[in-house]
Protein chains: 2
Amino acid sequence: MDELDRKILEHIQHFGRSSYAEIGGAIGLSVSAVNERLKKLEKQGVIAGWTARVDPLAAGNGVLAFVYVLIERPEHEAAFQALVRSESAIQECHHVASDWSYLLKVRAPNLLALEELVARKIKALPGIPRSQTVIVMSTAKETATVPVHLSPA
Amino acid sequence: MDELDRKILEHIQHFGRSSYAEIGGAIGLSVSAVNERLKKLEKQGVIAGWTARVDPLAAGNGVLAFVYVLIERPEHEAAFQALVRSESAIQECHHVASDWSYLLKVRAPNLLALEELVARKIKALPGIPRSQTVIVMSTAKETATVPVHLSPA
DNA sequence: CATGAAATCAGATCGAT
DNA sequence: ATCGATCTGATTTCATG
C-alpha cells in the first residue's frame, strides 16, 4: 500500500466504472500496472466490491433514521442479529459504547413503515425493553468514500 | 420504475461491474433492454454513480464514531458546513430532530486522530458549545445498499 | 513498470415483433 | 417495450524488454 495504491483507491471510489486506461491516465501509470495493482488490492480484500450508488429518495426511501436499541442479556443477541441481517431497511448495525447497546441506521419509505419496523419487529423481540429513534430531517453530506491512509511501510 | 427496474438496481448494487449481458442474464432481460433501462435510470438520477467499496480497516481507518454537534445560531452554520465538506474523515452529516443539531459519521485512523478532528477542528469553530461522541466498538452490518421500492405506477 | 500485440468482450444501433 | 443480430470500438490480458 503505497501512494499509487492510495491514488487508485481514491479514484475508483469516485469513478467505479473507470477503465484501466482511465485510471492510469488519472494517476500516471500504465494500463498493465494498474491492472496488476487492482488485482492485488482485490485479492487482499482492500477492494471489497463494486456497487452502483442509488439515490435513496428516488428508490422510495423518504425516511432516514438512527435507532438506538438496548438489549438486556446476551442470550437475546442472536435473534436480534438475525433480524438485522434479514431487514434490508437496516443499513447499518453498530455495537456502541454508550448507554445503549446498538445503533442502527435505518431507511424506510415513510414514518409508518419506520414505526412498523421499530415497534412491531425490533421491540417485539425478547430482551429489548427500550429503543430511541433519532429522525434525520435533512442530510448535508453522505458518502461511503473511505479515507485511504498509507500503511506504515 | 417497475419490477424490472427494481431488479436491475438490486443487482448492480451488489455487482457494480456487471456487464449488460450479466445483468440481463440475472433478471431475464435482453442486453439491449438492459441498456435502455440503465441509461434511463442514470439520466433520471436514480443511479447516482458507481464506486468501489473499500475496506475501512485495510485503508487505515481503525476508528469509527458518531459525533453529535450542537450549533447555537444559524450564522455559524456556514463555517461548519464548509468544514464538513472539506474533511474526508466526515462521511456523513445529518440534521437531526433531537437535542442536538447534527449527527456526524466519522472515520479516523485512531482515537488520537478522532480527538484531533473533534476537539481541535469542530469544537474550535464559533457557536459550537458542545458535542458528544459515540464510539463504535464493532460493526455487525454495514452496507450502502438502498432498499428499492416500486413507485406508485 | 512500460510497451505492444492479440484475443476477447462490451456497448450502441437497427429493424422487427 | 423487448428482442436478436450486427458492427464497431474499447478493454483486458499476456509476453517481452
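Proteins come first, then strands; the chains are lettered A, B, ... in the order of their sequence lines, and each starts at number 1.
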Task: Set of salt bridge (charged side-chain N to carboxylate O under 4.0 Å, His left out) partners for B/K105, sequence neighbours left out - done: A/E92, B/E92, B/E142

Task: Nonpolar side-chain network containing B/F15, other nodes, edges under 4.5 Å - done: none

TODO: Kindly write out the residues that satisfy side-chain contact (heavy atoms from CB on, under 4.5 Å) with A/A79, not counting sequence neighbours, or none if the list is empty.
DONE: A/L125

Open item on the list: Please identify the 5'-most and 3'-most nucleotides of DNA chain C with any atom under 4.0 angstrom from a heavy atom of chain A.
Closed with: C/dC1 to C/dG11

- [ ] Would you jot down, in residue-number order, the residues of residues 36-47 of chain B having a non-hydrogen atom under 4.0 Å from DNA chain D?
- [x] B/E36, B/R37

Output side-chain donor-acceptor pairs under 3.5 Å for residues 49-77 of chain A, partner residues at least two apart or in another chain, one line each.
{"unit_1": "A/W50", "atom_1": "NE1", "unit_2": "A/E42", "atom_2": "OE2", "d": "2.8"}
{"unit_1": "A/R53", "atom_1": "NH2", "unit_2": "B/A48", "atom_2": "O", "d": "3.0"}
{"unit_1": "A/D55", "atom_1": "OD2", "unit_2": "A/A58", "atom_2": "N", "d": "2.9"}
{"unit_1": "A/N61", "atom_1": "ND2", "unit_2": "B/H149", "atom_2": "NE2", "d": "3.3"}
{"unit_1": "A/Y68", "atom_1": "OH", "unit_2": "B/Y68", "atom_2": "OH", "d": "2.5"}
{"unit_1": "A/R73", "atom_1": "NH1", "unit_2": "A/E75", "atom_2": "OE2", "d": "3.3"}
{"unit_1": "A/E77", "atom_1": "OE1", "unit_2": "A/Y102", "atom_2": "OH", "d": "2.4"}

TODO: For B/E116, enumerate each residue passing the salt bridge (charged side-chain N to carboxylate O under 4.0 Å, His left out) test, keeping only those at least two apart in sequence or located in another chain.
DONE: B/R120

Open item on the list: Looking at A/E3 and A/R6, is any side-chain nitrogen of the basic one under 4.0 Å from a carboxylate oxygen of the acidic one?
Closed with: yes

- [ ] Return the set of residues passing side chain to side chain donor-acceptor pair (under 3.5 Å) with B/E22 (not counting sequence neighbours), or none when no residue passes.
- [x] none

- [ ] Would you mind reading off the bend of the helix from C/dC1-D/dG17 to C/dT17-D/dA1 from its two end axes, five pairs each, to 10 degrees?
- [x] 30°

- [ ] List the atom of A/L114, the atom of A/A108, and the distance in Å for their closest heavy-atom pair.
- [x] N-CB, 3.8 Å

Task: Nucleic acid contacts of residues 12-29 of chain A, taken as heavy-atom distances under 4.0 Å to DNA chain D - done: A/S19, A/Y20

TODO: Using a cut-off of strictly less than 4.0 Å, decide whether A/N35 has a side-chain nitrogen or oxygen near OP1 or OP2 of D/dT12.
DONE: no

- [ ] Using a strict 4.0 Å threshold on nitrogen-to-oxygen distance, state whether B/D99 and B/R130 make a salt bridge.
- [x] no

Task: Heavy-atom pair of closest approach, residues A/A140 and B/Q81 - done: CB-OE1, 3.4 Å

Can you give each donor-acceptor pair under 3.5 Å made by side-chain atoms of residues 24-31 of chain A, sequence neighbours left out, with the distance rounded to 0.1 Å?
{"unit_1": "A/S30", "atom_1": "OG", "unit_2": "A/S32", "atom_2": "OG", "d": "3.3"}
{"unit_1": "A/S30", "atom_1": "OG", "unit_2": "A/A33", "atom_2": "N", "d": "3.3"}

- [ ] Kindly write out the residues that satisfy side chain to side chain donor-acceptor pair (under 3.5 Å) with B/E115, not counting sequence neighbours, or none if the list is empty.
- [x] none

